A.B. asks: 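One structure follows; several queries about it will come next.
Note that the structure is a prediction, hence the values are computed from the model and not measured.
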Amino acid sequence: MVADASHEKYIDTILDTISEAAKVRGTGIAKRTHEYLLKKMLEAKAVIALSDGRFVGFSYIETWQDKQYVTTSGLIVHPDFRGLGVAKRIKDLTFTLARVRWPNAKIFSLTSGAAVMAMNTKLGYKPVTFSELTDDESFWRGCEGCVNVDVLHRLGRRYCICTGMLFDPHENLPAKIPADVMQRISEIDGNE
């Protein structure tokens, strides 16, 4: 479901789950704060999965360069729920939400995970060099908390451990979002 203010109580668990997953994989991840994720929830730019009140999974959306670029980021599934297709369902929803809200934006992802690369490929993303992604400095500052940031800097922000993937916004994929979520989005976007 699209997250809202009622889901704030899960943010610390989300952040802990993201941090632990990065340690286990030994890969980098952009560090986010409680306030940052709450903002995404309030802007209807976050998706959360729950089961009987337990945190299951999460992802959020961010826009860059005056909404010309969109990222679907922070995809995480709690270890107790991995292998059940939850990540794919969350990825599909964030992707669809991004396509509906910003139909002409380029959607991109940086990932070092094979599962995310496979999901992105099925959605129509293609591997690209970093020069094809946003040049918005605020996006790249998000990489500063990653354990691999030295690689990014050393290579002049052309490459890193992550793979850049880009979706061409001119492809037409169906997008179905519930009417109540579309109403909420329309109210939020009307205030931007």
Side-chain angles (χ1 to χ4, degrees), residues 1-22 29-82 84-111 113 115-116 119-120 123 125 134 136 138-139 141-142 145 167 169 173-192:
M1 74 184 79
V2 176
D4 59 33
S6 70
H7 300 108
E8 180 179 7
K9 63 187 174 188
Y10 297 101
I11 292 176
D12 292 335
T13 302
I14 293 166
L15 292 170
D16 290 344
T17 306
I18 290 171
S19 178
E20 287 304 310
I29 193 157
K31 294 194 178 170
R32 299 297 179 218
T33 64
H34 185 100
E35 294 74 22
Y36 185 87
L37 294 189
L38 177 59
K39 183 176 185 239
K40 297 297 132 208
M41 290 177 177
L42 296 175
E43 295 172 336
K45 291 180 178 177
V47 170
I48 191 166
L50 304 171
S51 177
D52 296 323
R54 282 187 66 201
F55 168 69
V56 174
F58 180 81
S59 185
Y60 63 90
I61 299 168
E62 187 57 88
T63 58
W64 309 99
Q65 285 182 240
D66 198 26
K67 302 175 184 161
Q68 292 178 48
Y69 290 87
V70 176
T71 54
T72 57
S73 300
L75 178 60
I76 190 69
V77 174
H78 190 278
D80 294 348
F81 297 94
R82 291 185 184 149
L84 302 174
V86 174
K88 182 184 180 329
R89 290 174 56 200
I90 292 171
K91 182 72 174 182
D92 288 349
L93 184 52
T94 56
F95 181 77
T96 300
L97 186 58
R99 291 287 296 139
V100 167
R101 290 186 76 177
W102 306 282
N104 296 311
K106 294 178 180 180
I107 303 173
F108 72 98
S109 173
L110 287 182
T111 185
V116 173
M119 284 185 276
N120 285 348
L123 289 169
Y125 288 72
T134 183
D136 190 315
S138 58
F139 169 77
R141 277 194 298 276
F167 174 81
L173 296 178
K176 305 220 185 284
I177 298 288
D180 62 323
V181 174
M182 287 306 299
Q183 175 62 35
R184 185 169 155 230
I185 289 168
S186 150
E187 291 168 7
I188 291 167
D189 286 349
N191 295 326
E192 290 187 342

A.B. asks: Roughly how far apart are Y69 OH and E62 CD, rounded to 0.5 Å?
C.D. replies: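 Result: 15.5 Å between the selected atoms.
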A.B. asks: Sequence neighbours excluded, which residues qualify as side chain to side chain contact (heavy atoms under 4.5 Å, CB included) partners of S73?
C.D. replies: Y60, T71
A.B. asks: Can you tell me how far CG of L75 sits from OG1 of T111, rounded to the nearest 0.5 angstrom?
C.D. replies: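 One gets 8.5 Å once the value is rounded to the nearest 0.5 Å.
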A.B. asks: Any side-chain heavy-atom pair from T63 and K45 closer than 4.5 angstrom?
C.D. replies: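 Side chain of T63 against side chain of K45, heavy atoms only: contact under 4.5 Å found.
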A.B. asks: Checking L37 against E8 for the side-chain contact (heavy atoms from CB on, under 4.5 Å) test, could you report, in this order, the C-alpha distance in whole Å, the side-chain angles of both residues, the deciding distance, and whether it holds?
C.D. replies: CA-CA 8 Å; L37 294 189; E8 180 179 7; over 6 Å; no
A.B. asks: Under 4.5 Å between any side-chain heavy atoms of V70 and W64, yes or no?
C.D. replies: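 Heavy-atom side-chain distance check fails, nothing below 4.5 Å.
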A.B. asks: Would you say that I48 contacts S59 through its side chain, given a criterion of any heavy-atom pair below 4.5 Å between the two side chains?
C.D. replies: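 Not touching, per the 4.5 Å side-chain cut-off.
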A.B. asks: Which of parallel (below 30°), tilted (30 to 60°) and perpendicular (above 60°) describes F55 and Y10?
C.D. replies: tilted
A.B. asks: Output the distance between atom OG (S51) and atom CZ (F81), rounded to the nearest 0.5 Å.
C.D. replies: 4.5 Å
A.B. asks: Less than 4.5 Å apart, any side-chain heavy atom of I61 and any of R101?
C.D. replies: no
A.B. asks: Establish, from distance only, whether the side-chain atoms of K91 and N120 form a donor-acceptor pair under 3.5 Å.
C.D. replies: yes
A.B. asks: Would you please test M119 and V116 for side-chain contact (heavy atoms from CB on, under 4.5 Å) and show each step?
C.D. replies: CA-CA 5 Å; M119 284 185 276; V116 173; 4.1 Å; yes
A.B. asks: Considering all heavy atoms of both residues, which atom of L93 and which atom of M1 are nearest to each other, and what is their separation?
C.D. replies: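 Here L93 and M1 meet closest at CD2-N, 4.1 Å.
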A.B. asks: If I take atom CZ from residue R99 and atom OG1 from residue T94, how far apart are they, to the nearest 0.5 angstrom?
C.D. replies: 13.0 Å
A.B. asks: Please confirm whether the backbone N or O of D92 pairs with a side-chain atom of T96, one donor and one acceptor, at under 3.5 Å?
C.D. replies: yes
A.B. asks: So, does R32 use its side chain to make a donor-acceptor pair with the main chain of Y36 at under 3.5 Å?
C.D. replies: no
A.B. asks: List in chain and number order the residues that pass side chain to side chain contact (heavy atoms under 4.5 Å, CB included) with K39, two or more places apart in sequence or in another chain; answer none if no residue qualifies.
C.D. replies: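 Residues passing side chain to side chain contact (heavy atoms under 4.5 Å, CB included) with K39: E43.
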A.B. asks: Got V86 and I90 here, is their nearest side-chain heavy-atom distance under 4.5 Å?
C.D. replies: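 Sidechains of I90 and V86: in contact.
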A.B. asks: Quick one: closest heavy-atom pair of T72 and A98, and the distance?
C.D. replies: CG2-CB, 4.4 Å
A.B. asks: What closest approach, in Å, do F139 and F108 show between heavy atoms, and which atom pair accounts for it?
C.D. replies: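 Closest pair (atom of F139, atom of F108, distance): CZ-CE1, 3.4 Å.
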A.B. asks: Looking only at heavy atoms, what is the nearest atom pair of V56 and L50, with distance?
C.D. replies: CG2-C, 3.6 Å
A.B. asks: How about K106 and T134: do any of their side-chain heavy atoms sit closer than 4.5 Å?
C.D. replies: no
A.B. asks: Would you call H78 and I14 a side-chain contact if the rule is heavy atoms closer than 4.5 Å?
C.D. replies: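 Heavy-atom side-chain distance check fails, nothing below 4.5 Å.
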A.B. asks: Would you indicate whether the side-chain heavy atoms of R82 and I76 approach each other to under 4.5 Å?
C.D. replies: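 In contact.
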A.B. asks: R184 and L42: which non-hydrogen atoms are nearest, and at how many Å?
C.D. replies: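 Looking at all heavy atoms of both residues, the shortest contact is NH2-O, 4.2 Å.
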A.B. asks: Would you please name every residue forming a side-chain hydrogen bond (donor to acceptor under 3.5 Å, both in side chains) with Q68, sequence neighbours left out?
C.D. replies: none
